[in-house]
2 protein chains.
Amino acid sequence: MSGPSTHARLLRLLRDRGPQSRAELGDLVELSRTRIGAELDRLTELGLIEEAGLAESRGGRRPAVVRINSGLRFAGVNVGATSVDVAVTDGELHVLEHIAEEIDVREGPDHVLGRVTYLIGKLRDQGHLPQLHGLGIGLPGPVSFRDGVPYAPPIMPGWDQFPVRDNLTRELGCPVLVDNDVNVMALGEQHVGVARTSEDFLFVKIGTGVGCGIVVNGEVYRGANGSAGDIGHIQVEEDGPACGCGNLGCLEALFSGAALARAALAVASSGESPFLAVRLQERGILAATDVADALAAGDPVAGRLVREGGRRVGLVLAGLVSFFNPDLIVIGGGVARIGHVLLAEIRSAVYRRSLPLATNNLPLVVSELGETSGVIGAARMISDLVYR
Amino acid sequence: MSGPSTHARLLRLLRDRGPQSRAELGDLVELSRTRIGAELDRLTELGLIEEAGLAESRGGRRPAVVRINSGLRFAGVNVGATSVDVAVTDGELHVLEHIAEEIDVREGPDHVLGRVTYLIGKLRDQGHLPQLHGLGIGLPGPVSFRDGVPYAPPIMPGWDQFPVRDNLTRELGCPVLVDNDVNVMALGEQHVGVARTSEDFLFVKIGTGVGCGIVVNGEVYRGANGSAGDIGHIQVEEDGPACGCGNLGCLEALFSGAALARAALAVASSGESPFLAVRLQERGILAATDVADALAAGDPVAGRLVREGGRRVGLVLAGLVSFFNPDLIVIGGGVARIGHVLLAEIRSAVYRRSLPLATNNLPLVVSELGETSGVIGAARMISDLVYR
DNA sequence: ACACTTTTGTCCAAGACCGACAGAAGTTAC
DNA sequence: GTAACTTCTGTCGGTCTTGGACAAAAGTGT
């Protein structure tokens, strides 16, 4: 209930604002310098911070700067449907290494997590990784944050109830936190992306599926069962297409990476879109990126698909804006890379359908971080635990 | 950011759990009894608490009980479209007086607030009101909570930007807080209603309009501009009827007290519903309550109207459940009094359309407090400020 | 009458915290 | 080059907070 301790506040300040002198810390924290000095001694003792030499004089004695111990390392992992991103950061969350690997999440937790620990082990052997102080990992499905365990994830067969956190903790010997991918991506946007100054915002991921990370009062909101933000199965069309979840007309069935690929196949086969028909002939298969390419090439049918989809996402978001009144919406995920045609359509639907009061000064932007937001967010999540 | 002070925690404990001995408080608060004793002395000094004699022995010395000063009085006010409720409570938020008065909110703030202060003055003159320590008031429209000022309220012409809080503070000489009516009703449900053990829940008010109070981590969530919970204008039908807000197919245009009255008039005039036709003949006008009566009398058309409406509310709530994952939904407001036919339809739509994970153990109930929730919530709101 | 329990107030020591002070290490004015 | 001034850091002593121990008060049960 109580706010962060002095301990935690100093560490997070040093993490987020970089090295600081004792005097600067005194201005930033409303405590006496004496108290701060004592706390810094304790943190040095613990090996969490270190001296970082002297800064330039500002007209008097040169300030002695302290910083997060430069030997600290966090790992941020983001698991997607078809890929894994592993990043290693220093204690200030700067990315030192970033490895992306193609992998099918359906191969199961043993294989995927094995790759993760292998990649981290490789970095360690290269000497880049003195010691890991914590690992955060985001998974593309519902996760019980408290237990660190996936919970009936639709696109991750074999992962249900697998003790991801405990396994990784045992394997790596450091604290581990597991969360939904949209939550860690939202955290990433808050840490280094467009959401740096936001208190209440939404991170909407349009990838293979559609999900949403919710930040309330600067903290990830997970809901009563940890399933908050699962907007992919909100109904947008009464008698729309069947969805994997068993219902009709879900957003995800109408617009998502998977839905877009299906629609592309349909318009390619029917000949409506010559561009996509050629693509299908060449590759034998179509993905959402092919629709993006068709759009860029001026294909009118691709434009229609994207605009229709954007309108549907916009309709759902309009409702959420009225309900939640965020100060920002960030759109991310693979499909978001389609760019401004999609964004314009979403914007138009949201602004048309939400109350003026709620859309006043509501920026609606595409994430600029891409995959980075996930790994940084995951590292940020575990650093919050370590700097506590 | 920091949690509630010891000061506040003791006061709220005494408010919510009634008189307690020092030893009991020691068990409830994780602080030494010494510390608690010192704090209690200070609170006695301030006149906020008082000794309340000795309780029964439990095998040893009889405990000396302290309680909230019995002279403390809070006022809770809830303004509806056509009525005002004023309650006076003691410091433990027990309602001592409750006056309801028919009033048209469109007569403007001077008149309505004048009646409020008049009613409170009358109670004071009767000697029931030693001194007012704070007043909370809920208004049926958007309110800037920070400024205590209504913000472009659709059904309260003349109230826009009227300095409600400052006016009442000047008039009554005590702290005043102003909020949206759904927010204070949600607080009331949390304090004495079904939501007592809920951390994240929704209070959905279906009255003249439709609105929603959101509680996150036990506290009212107001959003970036204070307009969170405005779900009346979420679209449920693409080409539905026109709404006062300028859009088509808003929930409020399809189902609300006002919409139900309109629909009743239509089916009465067309002769579809003989029951309502008779009622119209008798009274010359129809309200939502007439539909409830028709339903109770077994009128099939009224049943259709209620079920259709319930389905639409349920559809919107289904989306919000997926997004927000509450641990409880409370339905309140005048139209909610229609009862189980409406509730059954809402439930069915929500359970059918939301993810199983989110609806697991999700109670969806009608408020049992009625108008009381508003006034108690308003008093609770201001008491949180005073016990701070 | 006696042993035991529960509750309360008091006392004391440990620790948190702040302001003041002084010294260290610069810069600027002359 | 020196004196005066600035900025920064460490230390010291005093005040306030806090919790544990203790003892007294006020009961119950045998």
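A note on names: the letters A, B, ... follow the listed sequences, proteins ahead of strands, and every chain is numbered from 1. Here the structure is a predicted model, which is why all the values come from computation and not from measurement.
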Item checked: Set of ring pair (Phe, Tyr, Trp, His ring centres under 6.0 Å) partners for Phe145(A), sequence neighbours left out -> none
Next item on the list: Determine which pairs satisfy salt bridge (Lys or Arg N to Asp or Glu O under 4.0 Å) with at least one residue from residues 39-48 of chain A, sequence neighbours left out, and list them in order.
Entry: Arg35(A)-Glu39(A)
Note to self: Within this structure, what is the CG-CG distance for the pair Leu385(A) and Leu135(A), rounded to the nearest 0.5 Å?
What the structure shows: 12.0 Å
Notebook entry, point to check: How close or far is atom P of dG15(C) from atom CD of Glu39(A), stated in whole angstroms?
Noted result: 15 Å
Margin query: If I take atom CG in residue Leu54(A) and atom C1' in nucleotide dA25(C), what distance separates them, rounded to the nearest angstrom?
Written below: 9 Å
Margin query: Give me each pair satisfying salt bridge (Lys or Arg N to Asp or Glu O under 4.0 Å) with a member in residues 168-179 of chain A, each pair once, sequence neighbours excluded.
Written below: Asp179(A)-Arg222(A)
Notebook entry, point to check: Which residues pass the ring pair (Phe, Tyr, Trp, His ring centres under 6.0 Å) test with Tyr387(A), sequence neighbours left out?
Noted result: Phe74(A)
Notebook entry, point to check: Can you check whether Ser57(A) has a side-chain N or O nearer than 4.0 Å to OP1 or OP2 of dG26(C)?
Noted result: no
Notebook entry, point to check: Taking atom C1' of dA25(C) as reference, at what distance in whole Å does atom CD of Glu56(A) sit?
Noted result: 13 Å
Check: When rounded to the nearest 0.5 angstrom, what distance separates CD1 in Ile36(B) from CG in Asp27(B)?
Finding: 8.5 Å
Check: Can you tell which of Arg12(A), His133(A), Arg388(A), Arg15(A) makes a side chain to side chain donor-acceptor pair (under 3.5 Å) with Ser383(A)?
Finding: Arg15(A)
Next item on the list: Taking heavy atoms of chain B and a 4.0 Å limit, find me the 5'-most and 3'-most nucleotide of DNA chain D within that range.
Entry: dT18(D) to dT28(D)
Polar pairs (N or O, both sides) under 3.5 Å between protein and nucleotides 8-12 of chain C?
unit_1: dT8(C); atom_1: OP1; unit_2: Ala64(B); atom_2: N; d: 2.8
unit_1: dT8(C); atom_1: OP1; unit_2: Ala64(B); atom_2: O; d: 3.0
unit_1: dT8(C); atom_1: OP2; unit_2: Ala23(B); atom_2: N; d: 2.7
unit_1: dG9(C); atom_1: OP2; unit_2: Arg22(B); atom_2: NE; d: 3.1
unit_1: dG9(C); atom_1: O6; unit_2: Arg33(B); atom_2: NH2; d: 2.9

Next item on the list: Nearest 0.5 Å please: distance from the CG atom of Asn361(B) over to the CG atom of Leu328(B).
Entry: 12.0 Å
Checklist line | First encountered from the 5' end of DNA chain C, between Gly59(A) and Thr6(A) | finding: Thr6(A)
Note to self: In whole Å, I'd like the distance from the CZ atom of Arg58(A) to the P atom of dA24(C).
What the structure shows: 23 Å
